[in-house]
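A short worksheet on the structure shown next.
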Amino acid sequence: MTGDVGGELQGRVALVTGAARGQGRSHALRLAAEGAAIIAIDVCGPVGDTPYPPATADDLRRTADLVRSSGGAIVADTVDVRDLAGLTAAVARAAGELGGLDIVVANAGIAGGAPITEMDAGTWQTMIDVDLTGVWNTVKASVPVMLAQTIDRQRSIVLISSANGGLKAPPNLSHYAAAKHGVIGLMRSLANELGPQGIRVNSVHPTAVDTGMIHNDFTYRLFRPDLEAPGRADVTQLFESFHSLPIPWIEPIDVSNAVAFLASDRSRMITGVTLPVDGGLSSR
Amino acid sequence: MAIPGSRLDGRVALVTGAARGQGRAHAVRLAGLGADIVLVDVCAEIDSIPYAQAVPAQMAETVRLVEATGRNAIPIVADVRDAEAMAGAMATTLERLGRIDIVCANAGVIQLKAATSITAGDWADIIGINLTGVWNTIAPALAPMIAQDSGGSIVITSSAAGVKGPPNMAHYAASKSGLIGLMRSLSAELGPHRIRVNCIAPTTVDTDMVHWPEAYALFRPDLDAPSRDDVAGVFASLNVLPVPWIDAADVSDAVAWLASDDARYVTGIVLPVDAGTLVK
């Protein structure tokens with residue numbers, strides 16, 4: 001991780017959804033390393049027909065173990081972000097246990113892709129339910145808890161959108177692009193609404209991140225339909241061609257460093273911002 | 001692959017407009033993270049600019065503040081409009097400190113004028129300093145950065161006014177929008193060398209650039225001699241967060257992040273530090 005983690009979030013509580021693995025686990029560890037207590041939420045099971053294996057209860061336990069073994073506090077709970085009642089109860093319970101809620105990282109999301117002629121209504125609906133409504137649910141469950149807090153602490157909401165889906169819009173991602181663009185509108189309206197009450201709201205837009213969400217046979221075949229059984233090495237060059245920097249993808253920690261910046265007082269005057277972490281993908 | 005981190009030990013940064021205000025805050029912040037700093041400022045009056053420019057004593061104070069962090073500070077008096085002088089500043093940087101890793105193109109000026117009152121001279125000064133001056137700052141750094149083959153970070157100070165277009169600053173808005181185009185093209189071009197190029201876009205910052213009588217009068221035409229307190233409410237109404245202006249240190253936080261390996265894959269972006277003014 002960073003060589004100079006400084007405890008800048010000491011005494012704060014951070015909610016991270018999709019925390020069982022991948023980017024969410026990385027965010028939980030990064031924020032915990034700065035001293036934040038973590039509320040880790042994950043569905044720990046299959047969501048719709050995503051073309052990669054689902055997170056498991058073991059994954060979420062592993063995130064909790066990693067936070068605890070580095071000296072951090074964490075409450076982990078298995079909840080589907082589509083379940084507003086469940087989410088509301090889990091957040092209230094954990095915030096009560098940990099002493100409040102200051103930071104929200106709405107990270108849970110799914111990916112997929114298909115031409116519109118082949119995409120069924122169920123696939124569309126699941127994507128909107130998880131990647132857009134799930135984000136709204138996360139904020140909806142959190143803001144009352146954040147506003148009820150009497151202690152005067154900086155508060156920050158970070159919504160994870162996407163560079164490809166939120167800032168650009170490649171073909172065969174109609175559902176994903178709609179959901180991830182929608183997150184920007186949600187973020188901007190909430191920034192205006194909550195700013196006067198001292199809660200900042202921003203979005204982060206990662207390019208492809210080196211996790212199972214891109215490294216699977218479905219994605220490989222989507223990008224290399226010319227090959228019978230494409231693998232990681234077959235897509236590297238193509239992924240690199242999307243970026244200004246000579247990189248095919250980024251690491252979860254690179255997104256976490258942006259999340260940590262937006263969660264901390266280093267960004268106390270930043271709200272309503274779309275922050276790409278995308279190697280130049282969206283500006284070319 | 002570099003391990004991300006926020007420290008800048010062993011790196012060299014050049015900061016323009018460094019005698020005071022945002023430039024000074026950036027210089028001191030980058031030094032605090034471990035970088036040696038070359039400080040560039042014109043330290044002279046500019047006829048068309050309606051507020052006082054920095055003076056040599058302010059540059060000396062920035063030097064003192066940088067040195068207090070334990071890092072080297074090399075002050076250079078130069079006008080960013082003078083391409084030859086800026087090439088000289090880079091030559092001095094390389095000669096004295098051996099390398100260049102971070103360029104913080106911050107120097108800029110403003111006039112507040114109706115478009116009908118902007119003269120050709122006004123236009124030339126604002127574009128010359130704010131846009132061409134940034135080009136003059138960056139251009140001499142590119143070849144040495146590429147030759148070093150260790151990446152680099154260029155942070156350009158644009159403005160929220162370079163994203164939106166407020167009235168009574170047509171030349172300023174044009175210069176600050178132009179910086180975004182410059183940044184994007186350089187970002188795409190220099191990416192293969194792992195040189196990152198980004199803009200910050202601050203809202204009103206609490207510096208001498210904002211606090212002068214004619215500016216106050218423009219924002220409070222109803223008052224005879226409006227004071228800082230009289231204009232605070234008008235400035236606050238432009239932001240989402242309940243503040244009239246932000247501190248230079250708030251901008252420095254964003255500059256420091258973009259300069260560091262924590263942002264090693266961030267390039268081609270405009271990062272507002274704007275208390276929400278762009279979404280309001």
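Computed from a predicted structure; not experimentally measured. Below, chains carry the letters A, B, ... as their sequence lines are ordered, and counting in each starts from 1.
- Taking both residues in full, the closest heavy atoms of Leu241(B) and Arg268(A) are given as CD1-O, 3.5 Å, listed atom of the first, atom of the second, then distance.
- Only the side chain of Val243(B) comes within less than 4.5 Å of a heavy atom in chain A; its backbone stays farther off.
- Of the two parts of Ile250(A), the backbone and the side chain both hold a non-hydrogen atom closer than 4.5 Å to a non-hydrogen atom of chain B.
- The CG atom of Asn257(A) sits 11.5 Å away from atom OH of Tyr265(B), with the distance rounded to the nearest 0.5 Å.
- Each of Val201(A), Leu194(A), Asn192(A) was evaluated against Val240(B); a single residue qualifies, Asn192(A), per the side chain to side chain contact (heavy atoms under 4.5 Å, CB included) test.
- Using a 4.5 Å heavy-atom threshold, the side chains of Phe261(A) and Asp262(B) count as separate.
- For a heavy-atom cut-off of 4.5 Å, chain B lies close to Val277(A), Asp278(A), Gly279(A), Gly280(A), Ser283(A), Arg284(A) in residues 277-284 of chain A.
- Summarising the geometry of Val279(B) relative to Ala191(A), their closest heavy-atom pair is CG2-CB, 4.4 Å, with the distance given to 0.1 Å.
- No donor-acceptor pair under 3.5 Å is formed between the side chain of Asp254(A) and the backbone N or O of Arg264(B).
- In this structure, Ile270(A) CD1 and Ile200(B) CD1 are separated by 9.5 Å, a value rounded to the nearest 0.5 Å.
- The CG atom of Leu275(A) sits 4.5 Å away from atom CH2 of Trp257(B), with the distance rounded to the nearest 0.5 Å.
- Note: Asp250(B) leads Val197(B), Asp250(B), Asp247(B), Ile246(B) in heavy-atom pairs under 4.5 Å with chain A.
- Within 6.0 Å of NZ on Lys164(B) lie more than 12 heavy atoms contributed by other residues, nucleotides or ligands.
- Here the side chains of Val205(B) and Met269(A) are not in contact, with every heavy-atom distance at 4.5 Å or above.
- Interface residues of residues 144-154 of chain B toward chain A, defined by a heavy-atom distance below 4.5 Å: none.
- Between the OG atom in Ser6(B) and the CD atom in Glu8(A) there is a gap of 8.0 Å [rounded to 0.5 Å].
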Throw together a table of side-chain donor-acceptor distances under 3.5 angstrom for residues 270-278 of chain B, partners on residues two or more places apart or in other chains.
from, atom 1, to, atom 2, distance (Å)
Asp274(B), OD1, Gly276(B), N, 3.0
Asp274(B), OD2, Thr277(B), N, 3.3
Asp274(B), OD2, Leu278(B), N, 2.9
Thr277(B), OG1, Leu238(B), O, 2.7

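- More than 12 heavy atoms of other residues, nucleotides or ligands shown are found within 6.0 angstrom of CH2 on Trp212(B).
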Tell me which donor-acceptor pairs under 3.5 Å the side chains of residues 186-193 of chain B have, and how far apart each pair is, sequence neighbours excluded?
from, atom 1, to, atom 2, distance (Å)
Ser187(B), OG, Thr267(B), OG1, 3.0
Ser187(B), OG, Gly268(B), N, 3.2

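- Pairing each heavy atom of Gly195(A) with each of Pro242(B), the nearest pair is O-CD, 3.6 Å.
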